[in-house]
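Report on the structure given below.
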Amino acid sequence: MCGIAGIAGGAGHARIGRMLDALAHRGPDGRRIWTAEGFGLGHARLAIVDVGGGGQPLADEDGSLWLAMDGEIYNHRALRQELAGRHTFRTQSDAEVVLHLYEEYGPECVERLDGHFAVAVWSAEEGLFLARDALGIKPLYWGEDAEGSLLFASEIRALIDEVAQVREFPPGHRWLVGGPMVAWDRIPRPTGEWEEAAAVADALDRTLNAAVRKRLMADVPVGCFLSGGLDSSLVAALARQHLEGELHTFAVGLEGSTDLKVARQVAAYLGTMHHERVLTEGEIVEALPRVIDALESCDPALVRGSIATYFASELAAEHVKVVLSGEGADELFAGYHYLSDFDGDERGLAEELYVITAALHNTGLQRVDRMTTAHGLQAQAPFLDREMLDLAARTAPALKRRDGEGKWILRTVAERYLPRSVVWRTKEKFAIGTGVGPALERYAALAVSDAELERERSPRGQPFASKEEYLYWSLFRERYGRDDVLALMGRSRSLNPGQRWVGAL
């Protein structure tokens with residue numbers, strides 16, 4: 001996790017400095033700016049790999065290429081061995097591997113990478129190159145100023161005072177600026193040719209274990225979020241097996257919340273070093289403006305989940321620099337309550353899962369990225385490994401939802417590692433299990449009057465669906481109330497059990 005920023009076509013040092021100021025939380029371990037005539041790169045670093053020597057921007061041997069990257073490349077050691085005889089490496093970082101790959105393969109180099117990333121390369125011959133991973137796990141935005149200079153950065157906040165229109169760089173695309181954007185990778189669509197249940201279960205076991213092992217690759221301490229739900233509990237169970245030494249786990253919730261209770265039980269079963277924070281409604285209300293500012297969204301379901309993630313990240317950052325999350329399992333394996341609408345409609349369920357997975361970059365992944373980076377923490381999501389995406393696309397919807405139970409095939413695998421009481425626990429949204437959602441609903445009922453809700457209209461001219469929706473919009477509007485920023489905001493499909501979110505925003 002880092003912050004990157006840059007400019008092509010104009011004087012850059014001071015402007016890159018301002019953008020890095022806005023991204024300082026993403027990179028508390030170092031800050032560098034490199035500029036040349038008409039171009040500049042900036043990098044705010046969270047040191048995960050090669051802590052002492054991996055600072056960026058990085059240059060190749062003759063200084064004709066410069067790179068800044070946010071992300072992590074899991075196959076960097078294998079790629080380094082392949083490149084070693086032809087290039088001189090100055091660091092042990094994964095970012096330098098990408099730099100030398102670009103020397104050999106140009107823009108197509110991203111097709112060799114196994115990881116999540118947003119990368120910028122400046123070439124003395126070709127100019128600026130930008131690329132982003134297929135899911136958009138790492139954020140990237142860009143825009144042009146009145147003079148035609150192109151600026152880019154990891155978050156909207158770094159650009160909002162620099163350009164008239166902020167645009168999201170699309171996931172799975174690469175762009176040699178001046179030419180067309182190229183879609184180099186997409187998440188796999190459902191195949192319609194399903195594998196047998198036993199084969200899926202064994203493959204899921206192997207693939208998830210491998211994905212967890214990859215994400216333990218770090219030169220700093222690694223921990224796990226642990227809500228006590230199926231997804232985070234399974235990730236923690238596998239990490240406990242593969243991590244040498246103590247595993248730290250982290251849970252938050254209001255006093256008496258389900259998540260706190262079950263997370264304690266799972267942590268005791270796994271033998272982790274467990275940490276928890278008991279929240280108060282006052283803390284939640286006080287943090288709400290900060291959370292919306294960091295989230296860069298006012299989508300109601302996203303805000304609800306972000307409060308709990310914000311405090312869990314604050315807690316985790318006291319002990320580790322990398323944290324594993326269960327993000328993505330609900331989208332890949334049909335965990336949400338509203339998906340019962342598709343029971344009996346396998347084709348419809350498969351398409352819906354594809355849609356919500358493709359939208360993760362500005363829904364759940366945005367929540368996890370912004371809330372962890374707000375505390376100088378890097379999140380890793382093993383369920384969103386590329387091999388997991390491919391396997392999920394080959395898994396029959398009937399194995400994902402069976403007998404009214406979401407994530408059925410995943411639960412059968414989890415029985416190999418966890419007690420049945422955890423494996424078959426009823427799905428609860430993070431904001432519900434922690435008690436945060438109901439607390440926010442109570443606060444909105446007091447903070448927004450009936451007359452105010454009736455009078456106010458959304459940016460689309462429609463009535464707000466709830467006091468919560470209006471409250472979040474009013475806070476978001478103070479900081480980001482521009483049409484271009486609002487257009488970037490994702491819309492969560494699921495809110496509470498039995499509900500689909502279709503608000504006015």
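The side-chain heavy atoms of Q366 and S297, taken from C-beta on, include a pair separated by under 4.5 Å. Counting heavy atoms from C-beta outward, L399 and W194 have side chains that stay 4.5 Å or more apart. Annotation: side chain of Y102 is in contact with side chain of L65 (closest heavy-atom distance under 4.5 Å). Contact of the I33 side chain with the L41 side chain is not registered, since no non-hydrogen atoms from C-beta on lie closer than 4.5 Å. The shortest side-chain heavy-atom distance between E96 and Q56 does not fall under the 4.5 Å cut-off. I160 is not listed as a side-chain neighbour of Y141, based on a closest heavy-atom distance of 4.5 Å or more.
Within 6.0 Å of atom CZ in R77, 12 or fewer heavy atoms from other residues, nucleotides or ligands are found, so the atom counts as exposed in its surroundings.
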- Stepwise ring-ring contact (aromatic ring centres under 6.0 Å, His included) check, H375 with H25: CA-CA 6 Å; H375 299 289; H25 53 283; 9.6 Å; no
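The six-membered or imidazole ring of F169 lies away from that of W142, with a centre-to-centre distance of 6.0 Å or more.
Residues D484 and R167 are not paired through a salt bridge, judged by the lack of any N-O separation under 4.0 Å between the basic side chain and the carboxylate. For the pair R157 and D21, the salt-bridge criterion is not met [side-chain N within less than 4.0 Å of a carboxylate O]. Salt-bridge annotation for D29 and K321: present, with a side-chain N of the basic residue lying under 4.0 Å from a carboxylate O of the acidic one. Remark: D369 engages R26 in a salt bridge, criterion side-chain N to carboxylate O under 4.0 Å. Look at E296 and R479 and you find no salt bridge, because none of the NZ, NE, NH1 or NH2 atoms lies under 4.0 Å from a carboxylate O.
No cation-pi contact links R493 to Y336, judged by a cut-off of 6.0 Å to the six-membered ring centre and 45° from its axis. In this structure, R277 forms no cation-pi arrangement with F311, as its terminal cationic atom is not both closer than 6.0 Å to the ring centre and no more than 45° off the ring axis.
Side-chain contact of T434 with D259: a donor-acceptor pair under 3.5 Å is absent, judged by distance alone.
None of Q380, K138, K214, R215 except one satisfies the side chain to side chain donor-acceptor pair (under 3.5 Å) rule with E72; the exception is Q380. Considering H100, E103, E104 in turn, E104 is the only one that fulfils the side chain to side chain donor-acceptor pair (under 3.5 Å) rule with R86.
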